[in-house]
Amino acid sequence: MNRTTRRHKVLLITGIISACALAAAGCSSSSKPASSSSAAAAAKVTLIVYSAQGYDKAMTAAFTKATGIPVKLDDNSTGPLLTQIEASKNNPNWGLLWVDGATAFAGLDQQGLLQKGFEPNVTWNSLGQQSVPSDKSYTPTGVTLMAALVYDKTKVTSPPATWQQLLQPQWKGAVGMNDPSQSGPTFPFIAGMMNYLGGVSQGKHYYTQLKGNGLIIHPTNGPTLQALTSGQIKLALVQSSAGIGAVLGDKNLIVKYLDPVTLLPSAIGIDAKAPAAERAEAEKFISFVMSPAGQKVMQTGDPTGDSLYYPVLQSTSPLSALPSLANVKTQSINPYTWGPQEATINTWFDSNIVR
């Protein structure tokens, strides 16, 4: 082999080695992002949130901005959301549920549909402490009252002072409330009355009497309050946050609490059957909701509605529009006693009171 031939061969081999080295370097450099930022991005799945909260769009947007985690929000009334969950419980397509009423979560928990054992790193106040379930299958996020009595002081000068007075002839056809199959806060109100009156049969008798006195049913808080302001009814039984919000817009309206009024926790629960990655993101969402940034969104995202809640954290103070609970006689109901009865009681109510 002559010198020229040997030189060409060396150059060829050197070129091959250099090309292989560059290829290896290219493979190495492209693999580094895959194990860092791009891998983290690829690991993020879409968190599917079922919610009936007025501030949920603001919250999901803030969460995605803070974490980069994509969220698909299904915003609806509580009743339809629970129907969706029930219909798909063998093949669920939700990751997180956020509605008012611990009874709904207790019912889901007893069916094995909620992840247990998660609790955000927060300091609860007394409302929060009494609302956290022992198995940590859901997280309380705030408390409202059910039901508040709302009336127009220019039209009603002597409002009822007790629940029994709603049955008096002077209120015939003048009382309105929500449909529990649509309105999540309404079943805890019905269950609360049954608890107060001594049982399911006593409660059914009371609501049957109310219907006999002309009780008018609308789907949710908004239509019931519209019936009040339009003059269709004189007394509206709605969620306290909706009632206080209505007062902010109409100074003739008054919110009154008959004794006792039922505490209504809002709560978040995680689908036990969701993929592990989505459940991990759901835990991050809950922690964000309970953080100072998340609480600010809750208190500003629906200023005349769901933002008017009583906080469950020591670090969060109620908004100034909320009256003190010190002079309000409240009761708590056991969600694990009443939650499993929700479907049958709601069916009875719709069949016998709504229709």
Would you indicate whether K211, at its atom NZ, is surrounded by more than 12 heavy atoms from other residues, nucleotides or ligands within a distance under 6.0 Å?
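Yes, the 6.0 Å shell around NZ holds more than 12 heavy atoms from other groups.
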
Separation between [atom1] of [X] and [atom2] of [Y], rounded to the nearest 0.5 Å:
| X | Y | atom1 | atom2 | value |
| --- | --- | --- | --- | --- |
| T229 | N252 | OG1 | CG | 11.5 Å |
| S291 | N121 | OG | CG | 12.0 Å |
| D271 | Y50 | CG | OH | 9.0 Å |
| I286 | E119 | CD1 | CD | 10.5 Å |
| E278 | K44 | CD | NZ | 15.0 Å |
| D302 | K57 | CG | NZ | 11.0 Å |

Would you call the rings of F63 and F285 parallel, tilted or perpendicular if under 30° counts as parallel and over 60° as perpendicular?
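Rings of F63 and F285: perpendicular, as their planes differ by over 60°.
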
Going through the checks in order, is the side-chain contact (heavy atoms from CB on, under 4.5 Å) test met by I268 and L97?
CA-CA 6 Å; I268 295 180; L97 175 69; over 6 Å; no

[Y] backbone acceptor or donor facing [X] side chain under 3.5 Å:
| X | Y | answer |
| --- | --- | --- |
| S230 | A227 | yes |
| S307 | M298 | yes |
| W163 | P260 | yes |
| K172 | G212 | yes |
| N125 | Q314 | no |
| T64 | I69 | yes |
| S324 | A326 | yes |
| Q299 | S317 | yes |
| Q53 | D306 | no |

Could you tell me which non-hydrogen atom of [X] sits nearest to which non-hydrogen atom of [Y], and how far apart they are?
| X | Y | result |
| --- | --- | --- |
| A104 | L82 | CB-CD1, 3.9 Å |
| G101 | P188 | CA-CG, 4.2 Å |
| L149 | L235 | CD1-CB, 3.7 Å |
| L264 | P185 | CD2-CB, 3.4 Å |
| S158 | W171 | O-CZ2, 3.5 Å |
| L248 | P303 | CD1-O, 4.1 Å |

Min side-chain heavy-atom separation [X]-[Y] under 4.5 Å:
| X | Y | result |
| --- | --- | --- |
| I48 | D74 | no |
| D259 | T162 | no |
| I190 | I345 | yes |
| P335 | F105 | no |
| S183 | T78 | no |
| F118 | Q115 | yes |
| Y151 | K256 | yes |
| S240 | M146 | no |

Once side chain to side chain contact (heavy atoms under 4.5 Å, CB included) is applied, do any residues pair with T330, and if so which ones, sequence neighbours excluded?
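Side chain to side chain contact (heavy atoms under 4.5 Å, CB included) check on T330 returns L145, V261, L263, V328.
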
Any pair counted as salt bridge (charged side-chain N to carboxylate O under 4.0 Å, His left out), so long as it reaches residues 141-170, sequence neighbours left out:
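Output for this query is empty, none listed.
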
Is the closest side-chain donor-acceptor distance between N213 and Q168 under 3.5 Å?
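No pair is found: no donor N or O on one side chain lies under 3.5 Å from an acceptor on the other.
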
Side-chain donor-acceptor pair under 3.5 Å between T224 and N178, yes or no?
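Indeed, the side chains of T224 and N178 share at least one donor-acceptor pair under 3.5 Å.
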
[X], [Y]: one ILVMFWY side-chain cluster at the under-4.5 Å cut-off?
| X | Y | answer |
| --- | --- | --- |
| V255 | L325 | yes |
| L96 | V312 | yes |
| L215 | Y196 | yes |
| I85 | V49 | no |
| I270 | V71 | yes |

So Q239 and T144, side-chain hydrogen bond (donor to acceptor under 3.5 Å, both in side chains) or not? Walk me through it.
CA-CA 7 Å; Q239 190 174 5; T144 53; 3.0 Å; yes

Give the intermediate values and the outcome of side-chain contact (heavy atoms from CB on, under 4.5 Å) for residues L166 and Y206.
CA-CA 10 Å; L166 293 178; Y206 177 79; 3.6 Å; yes

Trace of the side-chain contact (heavy atoms from CB on, under 4.5 Å) decision for Q202 with M194
CA-CA 6 Å; Q202 292 92 326; M194 291 178 170; over 6 Å; no

Of T60, D56, T139, T141, the residue whose pairing with W98 passes side chain to side chain donor-acceptor pair (under 3.5 Å)
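The option that passes is T141.
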
Run the side-chain contact (heavy atoms from CB on, under 4.5 Å) test on I254 and V247 for me, step by step, so that the C-alpha distance in whole Å, both residues' side-chain angles and the decisive distance to 0.1 Å come before the verdict.
CA-CA 6 Å; I254 299 290; V247 169; 5.9 Å; no

Residues in salt bridge (Lys or Arg N to Asp or Glu O under 4.0 Å) with K116, at least two apart?
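If we apply the salt bridge (Lys or Arg N to Asp or Glu O under 4.0 Å) test to K116, skipping adjacent residues, the hits are D109, D135.
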
State whether K284 and E281 are salt-bridged, where the test is any N-O pair (Lys NZ or Arg NE/NH1/NH2 against Asp/Glu carboxylate O) under 4.0 Å.
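Answer for the salt bridge query: no.
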
